[in-house]
Amino acid sequence: MNAINQSGWRPDMGDAGDAVAATVTGNRALMLEEPLIFEIGSGETTGVDLPETPRGDNRLGGLARSAAIGLPGLSEPETVRHYTRLSRQNYAIDLGLFPLGSCTMKHNPRLNERMARLPGFADVHPLQPVDTVQGALGVINELAFWLIDLTGMHGVAMSPKAGAHGELCGILCIKAALEARGEGHRKVILCPTSAHGTNPATAAFAGFTVEDIPATAEGRVDLEALKARLGPDVAGVMITNPNTCGLFERDMKAISDAVHAAGGYVYCDGANFNAIVGRVRPGDLGVDAMHINLHKTFSTPHGGGGPGSGPVVLSEALSPFAPLPYTARTADGHVHLIEEERAEEFSNEHFDGKLNSFGRMTAFHGQMGMFTRALTYILSHGADGLRQVAEDAVLNANYVLRSLEGVLDAPFAASGPCMHEALFSDDNLAEGFSTLDVAKGLIDEGFHPMTVYFPLVVHGAMLIEPTETESKAALDQFIGAMRSVAERAKAGDASLKSAPHFAPRRRLDETLAARKPVLVWKDAELAEAAE
């Protein structure tokens, strides 16, 4: 029965059916419609009161503005509300599962954030005297040794600030090593079609010619095709392992042996290291250089473009060519930051004069916040915990793969378990329906879409990486949403073609948005008058 209060009022839900009235504001309850900041504030006002400048005290001279600057003037509440409302339209790892394939967008432990915000780390300045930043340099040095130990490599360059930046570092080390032994004529880098797209771009940027190596029917590098192409013009191979099909390259050691026998070097893209950390040491597989995305494997999910950090672990053959600066701890416990001025002296004294750096990658020594978070993550997990990270990440990905292979086409499911990510295609959807429709429909279910149309070796690819930080309940909810959307696409549900319906904005003409993006706001009246 409906409750009745003392005044006799009875709550009644009414019977409005499916009719939904439009709101005057454009808001839908807590989904607030927010105009552009230019449309909120007036260009002729300001949210801050400033005192008038006394006559004759203007030091701008001829630089004083003579026309309106066209910036919106907002009060503090207007400004705070604008950006808070926009932030509520973002998807984040703190809201739900982030299924981007090959990106390892996992929960970032709050302990890491607390450590990164300690004053001695958060406030450190790159130009401070070395004696005043021994703690920070100690963190960098200890993290470096952990990375070397976890990968079974000989040395590490800590300064690269992202994965692609790390790739460039490793390729420049290879280039310097070839030139040092008089083989600068080797100008070809081989890239499997299952590698990350940054691999060939990096090699080309460094001055190499890139040639593809095909994949086998089961999504792995064609070893025989690779061997057939090796020769005196080949500088090396850039290979992603585990690859972008979510598979481990079983022939990795054979690939390395073949490349080394032909006089080349092996670069491994370590963006997917989360799948094998604590389980496999790339150095044992013959890898010469590999970047590690600290912002993926060792926390700090990087949605929005940063911050990033991509240290590069190096084999004994390439370590002498690592970029400056680097840290070195001497017998007295002092940590040194070795710059150009001391590189030769320190090399002669501590490294038998073997260091022959190709130069430097950045102005300073990397991203201190990332170093602190990564070391905190490593120490809090320990060696056994890191091993479990890989095991749980692989378990979760295989749970997704086997739960969805009955409704979506899984091109490599028959070849065995996947690694960190599950790969599907749009091959079995209804005529006229594609991966894009599934991705847009997933937005209505409250999830960020998975990676789409990558890797290119699979038509209409859908790449899902759940990571190790998702519970079975979270995975089941995501799997349920994916199954529902996929079944609608297989049944030809026309409403899916116009999804998303519940997002702040409807589906765009993505081709037009890419070819003719509107990046500058213009006052409609002024623009019309100008025409």
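- A 4.5 Å side-chain heavy-atom check between Thr451 and Glu465 finds every atom pair outside the cut-off.
- With sequence neighbours excluded, the residues satisfying side chain to side chain contact (heavy atoms under 4.5 Å, CB included) with Ser102 are His196, Thr244, Asn272, Glu421, Leu463.
- Atom CD of Glu445 sits in a crowded spot, with more than 12 heavy atoms from other residues, nucleotides or ligands closer than 6.0 Å.
- Taken to the nearest 0.5 Å, the CD1 atom of Ile292 stands 5.0 Å off from the OG1 atom of Thr151.
- Across every non-hydrogen atom of Ala422 and Phe424, the tightest pair is CB-CE1, 3.7 Å.
- For residues 240-261, no residue pair satisfies the ring pair (Phe, Tyr, Trp, His ring centres under 6.0 Å) rule, not counting sequence neighbours.
- Checked against salt bridge (Lys or Arg N to Asp or Glu O under 4.0 Å), Arg329 has no partners two or more places apart in sequence or in another chain.
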In sequence, state the C-alpha distance, the side-chain angles, and the governing distance for Val266 and Leu285, and then conclude on side-chain contact (heavy atoms from CB on, under 4.5 Å).
CA-CA 10 Å; Val266 177; Leu285 302 177; over 6 Å; no

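- Here the side chains of Met238 and Val210 are not in contact, with every heavy-atom distance at 4.5 Å or above.
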Dump the intermediate steps for side chain to side chain donor-acceptor pair (under 3.5 Å) on Ser299 and Asn108, then the final yes or no.
CA-CA 5 Å; Ser299 82; Asn108 178 30; 3.2 Å; yes

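- Note on residues 157-179: no pairs pass salt bridge (Lys or Arg N to Asp or Glu O under 4.0 Å), not counting sequence neighbours.
- One N or O on the side chain of Gln367 and one on the backbone of Gly369 form a donor-acceptor pair closer than 3.5 Å.
- Scored by the side chain to side chain contact (heavy atoms under 4.5 Å, CB included) test, Ala317 finds Tyr265, Ser315 as partners (sequence neighbours excluded).
- Note that CD1 of Ile443 is 7.5 Å distant from NE2 of His448, once rounded to the nearest 0.5 Å.
- Looking only at side-chain heavy atoms (C-beta outward), Leu386 and Phe298 come within less than 4.5 Å of each other.
- With values rounded to the nearest 0.5 angstrom, Thr376 atom OG1 is found 8.0 Å from Leu118 atom CG.
- Side chain of Asn243 to backbone of Gly219: a donor-acceptor contact under 3.5 angstrom is found.
- In this structure Ser319 satisfies the side chain to side chain contact (heavy atoms under 4.5 Å, CB included) test together with His154, Leu314, sequence neighbours excluded.
- Judged by distance alone, the side chain of His336 and the main-chain N or O of Ile338 form no donor-acceptor pair under 3.5 Å.
- With rounding to the nearest 0.5 Å, the separation of CZ in Arg373 from CE in Met115 is 11.5 Å.
- Using a 3.5 Å distance cut-off with no hydrogens or angles, the side chains of Thr193 and Asp212 do not pair a donor with an acceptor.
- Legend: salt bridge (Lys or Arg N to Asp or Glu O under 4.0 Å) pairs involving residues 257-266, not counting sequence neighbours, sorted by first then second residue: Lys253-Asp257.
- Contacts classified as salt bridge (Lys or Arg N to Asp or Glu O under 4.0 Å) and involving residues 233-247 (residues at least two apart or in different chains) are given here: Arg229-Asp233.
- A donor-acceptor pair is defined here as one N or O able to donate and one able to accept, closer than 3.5 Å; no such pair exists between the side chain of Thr435 and the backbone of Met462.
- The backbone N or O of Val221 sits less than 3.5 Å from a side-chain atom of Glu249, completing a donor-acceptor pair.
- A side-chain hydrogen bond (donor to acceptor under 3.5 Å, both in side chains) check over residues 87-97, counting only residues at least two apart or in different chains, returns the pairs Asp94-Arg110.
- A donor-acceptor contact shorter than 3.5 Å is absent between the side chain of Glu468 and the backbone of Glu391.
- Distance check, rounded to the nearest 0.5 Å: CG of Leu97 to OG1 of Thr467 gives 7.0 Å.
- Remark: side-chain polar atoms of Arg360 are paired, donor with acceptor, to backbone N or O of Ala363 under 3.5 angstrom.
- By the 6.0 Å contact criterion, CZ on Arg515 is open, its count of non-hydrogen atoms from other residues, nucleotides or ligands being 12 or less.
- If you take CG on Asn274 and SG on Cys103, they are separated by 11.5 Å, rounding to the nearest 0.5 Å.
- Side chains of Val277 and Arg279 form no contact here, defined as non-hydrogen atoms less than 4.5 Å apart.
- The shortest side-chain heavy-atom distance between Phe208 and Thr202 does not fall under the 4.5 Å cut-off.
- Not counting sequence neighbours, the partners of Ser380 by the side chain to side chain contact (heavy atoms under 4.5 Å, CB included) test are Leu111.
- Looking only at side-chain heavy atoms (C-beta outward), Leu223 and Lys227 come within less than 4.5 Å of each other.
- Among the candidates Met158, Glu340, Glu339, Met361, the single residue satisfying the side-chain contact (heavy atoms from CB on, under 4.5 Å) test with Pro325 is Glu339.
- Checked by atom type and distance alone, the side chain of His381 pairs as donor or acceptor with a backbone atom of Tyr377 at under 3.5 Å.
- His295 places a side-chain N or O within donor-acceptor distance of the main-chain N or O of Ser309, the cut-off being under 3.5 Å.
- Sequence neighbours left out, not one pair with a member in residues 451-461 passes salt bridge (Lys or Arg N to Asp or Glu O under 4.0 Å).
- Under the 30°/60° scheme for interplanar angles, the aromatic rings of Phe447 and Phe478 are found to stand perpendicular.
- His459 meets the ring-ring contact (aromatic ring centres under 6.0 Å, His included) test with no other residue; sequence neighbours excluded.
- Using a 4.5 Å heavy-atom threshold, the side chains of Ile239 and Met252 count as touching.
- Using a 3.5 Å distance cut-off with no hydrogens or angles, the side chains of Thr104 and Asn293 do not pair a donor with an acceptor.
- In this structure, His365 and Pro126 have side chains that are not in contact, with every pair of non-hydrogen atoms separated by 4.5 Å or more.
- Asn398 places a side-chain N or O within donor-acceptor distance of the main-chain N or O of Val394, the cut-off being under 3.5 Å.
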If you apply the rule side-chain contact (heavy atoms from CB on, under 4.5 Å), what do you find for Val156 with Phe145, and how did you get there?
CA-CA 8 Å; Val156 61; Phe145 276 96; over 6 Å; no

